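Protein chains get the first letters and strands the later ones, always in sequence-line order, with residue 1 at the start of each. For clarity, every value in this text was computed on a predicted model and none was experimentally measured.
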Amino acid sequence: MKIATWNINGVKARIEALTAWLREASPDLVCLQEIKSVDEGFPRLEIESLGYNVATHGQKGFNGVAILSKLPLEDVTRGLPGDPTDEQARYIEAVVSVGPRVLRVGGLYLPNGNPLGTEKFPYKLAWMRRLEQHAAERLAYEEPFVLMGDYNVIPDPIDARRPDAWLGDALFQPESRQAYRRLLALGFTDAVRATTEAQVFTFWDYQAGAYQKNDGIRIDHVLLSPQAADALVGVHIDSHVRGWDKPSDHVPVVVELAL
DNA sequence: ATGGCCGGCGCAGCCGGA
C-alpha cells in the first residue's frame, strides 16, 4: 500500500491541488498537516467523493491535522498525550486493517519553535519529549507503525541546501536534532534516509525564488517501526507538486509498503 | 548584488509560518 504525508498549508486554499494530487498519485492513506480549519470547515465531501474516509483534528486558523484513507479508519485518537493543557491540534492517530494485518499511523505537525529565545522553542522541545514517550509506548505493540508528518527538524547538514543559513533557526538547533535522533534511537527507520544518500528536499520557502534555486530543506519525515520497515518497498518525494499553481510550500512524501 | 511570500481572519493589517 501507498501511504503519504503532506503539509498542505491550508486546506481551503489547497483543495484544488489536493484533489488533483489525490487523483494523480492515488495514495491509500495520507496524513495532512496545517489544514488551518476547524473540523466542520474541512472539505470532507470533495475528498470522500474520491473514495477516502476522512478523520480530522482541526482548530481555528492555525495548525490542524487529518488522515485520509481508502480503508476504514479505526480507533481514531486526537491530540498528543502528556499535556492536557496543550490546546494545539498537532497529532492524530488511527489504525487501518490490511487484510489480516493492521497498520497504525500517527500523523504529526511538530511545533516550529521559532523564534529562539521565546517560549516557542521550549514548547517544541517539550512536545518532542512527549512524542518520544508516546512513540515508545506504541513501539511496544510490535506492530507495523508509521509516524509521519512535518517534523520541523532538519536532521543533518545534508538536509539543507544552505545549512549555514539555518544555524540560528529552531529547525536546525542541536537540541532539535538530538531529540529527532532520540526518536530514531527508539527503533524507527527514517524511510527517506534508508533508501537514498542523496540530498533531497520536502520544503522550499515561498520567498526569494527558493524552489527555482532548489534552496530547500528536508523536514517532512516518515518514520517506520521495525515491523513497518520490514515491509518497506520504496520512497518517493513528489517534488513536482511544488511547481503547480498555488502550491503549498511543502510537497508530499510517499512510501510504498508491502502490506 | 539584493530582495523577493503566503494563508487565515475578516475587511486592515497583523500573526504565524520556516
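A:Ser225 and A:Glu143 share no side-chain donor-acceptor pair at under 3.5 Å.
Within 4.0 Å (heavy atoms only), A:Asp150 reaches sugar-phosphate atoms of the nucleic acid but no base atom. The residue A:Asn112 sits close to a base: some heavy atom pair falls under 4.0 Å.
First and last contacting nucleotides of DNA chain B toward chain A (any atom under 4.0 angstrom from a heavy atom, 5' to 3' order): B:dG4 to B:dA18.
Scanning residues 239-250 of chain A for heavy-atom distances under 4.0 Å to DNA chain B yields A:Lys246, A:His250. In the region residues 158-184 of chain A, proximity to DNA chain B at under 4.0 angstrom, judged on heavy atoms, holds for A:Leu171. DNA chain B is contacted by A:Phe203, A:Asp205, A:Tyr206, A:Gln207, A:Ala208, A:Lys213, A:Ile217, A:Ile219 of residues 200-219 of chain A, taking any non-hydrogen atom closer than 4.0 Å.
A distance of 10.0 Å separates CZ in A:Arg129 from CD in A:Gln133, rounded to the nearest 0.5 Å.
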I'd like a table of donor-acceptor pairs (distance under 3.5 Å, sequence neighbours excluded) in which one partner is a side-chain atom from residues 229-238 of chain A, with atom names and distances.
residue	atom	partner	partner atom	Å
A:His236	NE2	A:Asp238	OD1	2.8
A:Asp238	OD2	A:Trp21	NE1	2.7

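Salt bridge annotation for A:Glu16-A:Lys246: absent, with no cationic side-chain nitrogen under 4.0 angstrom from a carboxylate oxygen. In summary, A:Asp190 and A:Arg218 engage in a salt bridge, as defined by a charged side-chain N under 4.0 Å from a carboxylate O.
With both ends at atom P, the span from B:dG10 to B:dC6 equals 22 Å, rounded to whole Å.
The salt bridge (Lys or Arg N to Asp or Glu O under 4.0 Å) search around A:Arg182 returns A:Glu132, not counting sequence neighbours.
Taking the six-membered ring for Trp, A:Trp166 and A:Phe172 have ring centres at least 6.0 Å apart.
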